[in-house]
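Take a look at the structure set out below.
Lettering of chains follows the sequences in order, A, B, ..., and the numbering in each one begins at 1.
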Amino acid sequence: MEMQSNFIKTIMEEDLASGKVSSIMTRFPPEPNAYLHIGHARAIITNFELAKMFGGSTNLRFDDTNPVKEDAMFVDAIIEDIRWLGYEPKQILFGSDYFEESYERALLLIRKGLAFVCDLSAQEMSNYRGTLNTPGKESPNRNRTIDENLTLFKAMRNGVYKDGEKTLRAKIDMSSPNINMRDPVIYRIIHINHHNTGNKWCIYPMYDFAHPLQDSIEGITHSLCSLEYDDHRVLYDWFVEKCEMPHIPHQYEFGRLNIANTIMSKRYLKQLVESKLVKGYDDPRMPTLVGLRRRGYTPNSIRNFILSTGLSRINSTVSNEMLETSLREDLKLQLRRVNAVLKPLKVIILNYPEGIIEELELPNNNENEALGMRKILFGKEVYIDRDDFYDGVPEKGWKRLAMGLEVRLMHAYFVRCVDVVRNTDGTISELHCTYDPETRSGSGFTGRKPNGNIHFVEASSAIPATFNLFEPLLVDSDGDRPLEERLNLNSWTTIKGFVESSLKDTVSEDKYQFVRMGYFSADYDSKKGNLIFNRTVELKSSYK
RNA sequence: UGGGCUAUGGCCAAGUGGUUAAGGCAUCGGACUUUGACUCCGAGAUCGGUAGUUCAAAUCUACCUAGCCCAGCCA
């Protein structure tokens with residue numbers, strides 16, 4: 001799938017055409033403090049695809065300027081996720097790689113009289129900032145001499161002060177209607193071990209200061225971020241200019257992508273994991289990339305999904321069906337279409353000879369010959385899905401089995417239900433059917449039409465398997481209701497059934513289309529002798 | 001009477017003054033079908049509102065309305 005036209009692509013084309021830039025360089029700048037989710041996928045895919053489209057490249061840069069919130073453990077996880085999606089960063093870098101240069105640029109700002117050391121406490125600074133409707137007041141320390149600022153800032157770096165005791169602030173405009181311009185803090189004091197730089201630093205640059213510098217140093221041409229940074233762009237440009245950065249990057253904002261009924265906030269995902277409502281960040285119900293992967297989503301399906309949603313300056317919410325459609329389309333021609341019975345109902349074929357097992361040949365994927373043929377078994381006892389039998393008189397239009405009706409067991413024979421055997425409590429224990437040898441698939445029989453086609457698994461060779469079926473974690477999209485009330489208590493169902501014998505060597509992450517049932521992927525816990533499949537998505541169905 | 005951003009069918013989204021406003025998802029018809037799948041046909045918007053500019057506007061202007069973001073020493 002090609003990336004469709006969007007405003008950023010247009011900007012890049014124009015910049016290239018006008019000579020404003022000679023090549024495209026983008027970056028994906030995650031903060032290493034959480035697992036990546038499908039929302040991040042939009043940023044990753046957009047940055048990489050856009051650069052690739054114009055022959056440019058993309059850096060992965062960990063935005064690790066706040067050691068109190070970040071953790072090295074996420075670094076490897078994020079790299080792994082990006083590679084899984086199929087992208088290779090030109091370079092893997094850290095914001096902390098630039099601490100020395102950031103410091104030098106801060107010194108430059110001070111020397112130019114554009115930054116000062118401020119003694120205000122966090123609370124005082126908040127009071128001085130003013131409000132959305134009223135201008136702020138200037139810090140009493142705003143007019144310190146350049147020499148004094150230099151001395152103080154160096155002392156900050158040297159660990160003379162405690163956390164929060166002083167900050168370095170840009171000197172801009174306390175009455176600006178844009179609050180970001182009201183003398184923003186650019187360095188704060190944090191005495192804590194940093195995952196990369198250890199205890200080398202006790203002052204850390206703020207995002208607004210660090211980011212434009214990082215972009216400039218790396219030669220980023222188009223720095224893409226989300227809409228809420230729109231108000232920060234003027235500050236971004238201010239730092240690039242005032243710090244006299246030789247390369248001038250430009251920031252462009254685009255909207256975030258949300259999926260209906262899916263919450264992606266870190267706080268929420270963490271809450272789900274810590275309260276054990278899910279089994280971890282890679283729980284197949286989670287919108288994390290590790291969760292989607294475990295569920296069975298492919299990198300290509302995620303990429304196509306993201307590209308199909310387009311890109312604009314609107315925070316959009318698309319339905320989950322778009323993601324599901326991408327998965328089906330990706331896998332449709334790639335996978336073997338095999339038989340699995342999720343809710344087994346035994347069928348005895350009364351007139352089929354005892355002790356005979358025959359082999360039936362069929363295509364692995366009737367839309368893709370390249371996948372070849374395989375054999376399945378058929379015998380006197382088979383399993384069909386309970387949902388394929390209607391206990392009673394079905395409405396007309398029913399296209400499966402019921403007492404007295406005849407259906408085709410796909411690629412085998414027509415069978416007619418002649419008896420329903422029940423347990424003492426009235427539930428069905430097994431079905432008795434008869435088959436018609438003349439209706440063997442491939443024989444060219446056209447004498448009559450069956451009442452539908454259902455799949456089956458031969459009983460003696462069937463391999464027991466566990467199936468995990470999922471529903472959304474949330475039951476509705478009413479964001480105003482408390483989370484606890486929105487949780488779907490049936491989001492995970494485990495059932496046991498059978499798969500055809502050809503699946504015996506299935507290994508973790510193997511994927512199949514189970515005929516009429518959907519796309520499934522072998523779970524990480526699946527192993528020979530104990531097959532476990534996650535249902536990634538169901539097949540579409542017009543049956544109500 | 002703070003600032004910024006946005007507004008095209010149910011959900012996304014092309015479109016940047018000029019034939020019947022792309023496409024995808026969803027929906028509803030119909031054909032086909034050894035997956036109620038797939039595939040194939042067909043159906044639906046006058047572009048937030050109003051008033052202007054123009055021979056001509058979703059595209060320009062003004063005003064209005066609605067939604068989102070901003071007052072971390074978070075990113």
- Task: Assess the side chains of A:Tyr512 and A:Glu500: does a donor N or O sit below 3.5 Å from an acceptor N or O?
- Result: no
- Nearest of B:A71, B:C11, B:G3 to any side-chain atom of A:Val318? B:C11
- Query: Base, sugar-phosphate, or nothing: which does A:Asp63 touch, judged by heavy atoms less than 4.0 Å apart?
  - Reply: sugar-phosphate
- Would you please indicate if the ring centroids of A:His232 and A:Tyr207 are separated by under 6.0 Å? no
- Message: Return the pairing partner of B:A13 with a 3.5 Å limit on both distances, Watson-Crick or G-U wobble; otherwise return none.
- Response: none
- In terms of side-chain geometry, is the basic nitrogen of A:Arg233 or A:Glu253 positioned less than 4.0 Å from the acidic oxygen of its partner? yes
- Using only heavy-atom distances, decide whether a donor-acceptor pair under 3.5 angstrom links the side-chain of A:Asp230 to the base of B:G4. no
- Message: Using OP1 and OP2 only, check whether a side-chain N or O of A:Ser126 sits under 4.0 Å from B:G72.
- Response: yes
- Query: In the strands shown, is B:A21 matched to any nucleotide by a Watson-Crick or G-U wobble pair with both distances under 3.5 Å, and which?
  - Reply: none
- Task: Take atom P in B:U65 and the same atom in B:A56, then report the distance between them in whole Å.
- Result: 29 Å
- Message: Can you tell me which nucleotide in B:G72, B:C68, B:C70 comes closest to the side chain of A:Asp231?
- Response: B:C70
- Gap in Å between the two P atoms, one belonging to B:G23 and one to B:C41, rounded: 12 Å
- Roughly how far apart, to the nearest Å, are B:U59 and B:G9 at atom P? 14 Å
- Message: Quick check for you: among B:A75, B:G2, B:A13, whose closest atom lies nearest to any side-chain atom of A:Ser312?
- Response: B:A13
- Contact class for A:Leu311 vs. all strands (heavy atom < 4.0 Å): base, sugar-phosphate, or nothing? sugar-phosphate
- Query: Which letters describe nucleotides 31-45 of chain B, given B = protein heavy atom under 4.0 Å from base, S = only from sugar-phosphate, - = neither?
  - Reply: ---BBBBSS------
- Task: Could you tell me which nucleotide pairs with B:A43 by Watson-Crick or G-U wobble geometry, both distances under 3.5 Å, or answer none if nothing does?
- Result: B:U27
- Of the nucleotides B:C73, B:A75, B:U6, which has the atom closest to the A:Ser121 side chain? B:C73
- A:His455 side chain to A:Ala340 main-chain N or O, any donor-acceptor pair under 3.5 Å? yes
- Query: What is the distance from atom CG of A:Leu539 to atom OH of A:Tyr519, rounded to the nearest 0.5 Å?
  - Reply: 6.0 Å
- Write down the partner of B:C60 under the Watson-Crick or G-U wobble criteria, each distance required to be under 3.5 Å. B:G52
- Item | Phosphate contact (B:A75 OP1 or OP2) by A:Thr65 side-chain N/O below 4.0 Å | yes
- Item | Neighbour count >12 (heavy atoms, 6.0 Å) for atom CZ, A:Arg256 | no
- Message: Taking the C1' atom in each of B:A45 and B:G3, what is the distance between them to the nearest angstrom?
- Response: 34 Å
- Item | Between B:A22 and B:G15 - C1' atom distance, rounded Å | 8 Å
- Item | No-hydrogen, no-angle side-chain donor-acceptor test under 3.5 Å, A:Tyr98 and A:Glu218 | yes
- Task: Please check if any side-chain donor atom of A:Asp330 sits under 3.5 Å from a side-chain acceptor atom of A:Gln334, or the reverse.
- Result: yes
- Task: Map A:Asn180 and A:Lys266 onto RNA chain B by nearest heavy atom, then report which one ends up closer to the 5' terminus.
- Result: A:Asn180
Each nucleotide N or O in nucleotides 15-18 of chain B that has a protein N or O under 3.5 Å away: list the pair and distance.
residue : atom : partner : partner atom : Å
B:G15   : OP1  : A:Ser5  : OG           : 2.7

- For A:Arg188 and B:A75, is the shortest distance between a side-chain N/O and OP1 or OP2 below 4.0 Å? yes
- Under the 6.0 Å and 45° cation-pi test, does A:Arg157 pair with A:Tyr103? yes
- Query: Which part of the nucleic acid, if any, lies within contact of A:His232, taking any heavy atom under 4.0 Å across all strands shown: a base, the sugar-phosphate backbone alone, or nothing?
  - Reply: base
- So what does A:Leu227 touch, heavy atoms closer than 4.0 Å: a base, only the sugar-phosphate, or nothing? nothing
- Task: Pick base, sugar-phosphate or nothing for A:Tyr229, based on heavy-atom distances below 4.0 Å to the nucleic acid.
- Result: base
- Task: For nucleotides B:A21 and B:A57, find the distance between their P atoms and express it as a whole number of Å.
- Result: 13 Å
- Task: Could you give the distance separating B:C74 and B:A66 at their C1' atoms, to the nearest angstrom?
- Result: 30 Å
- Message: Cation-pi check for A:Tyr543 against A:Arg400: NZ or CZ below 6.0 Å from the six-membered ring centre and within 45 degrees of the axis, yes or no?
- Response: yes
- Message: Distance alone, cut at 3.5 Å: any donor-acceptor contact between the side chains of A:Tyr236 and A:Asp215?
- Response: yes
- Syn or anti for B:G72, with syn set at within 90° of 0? syn
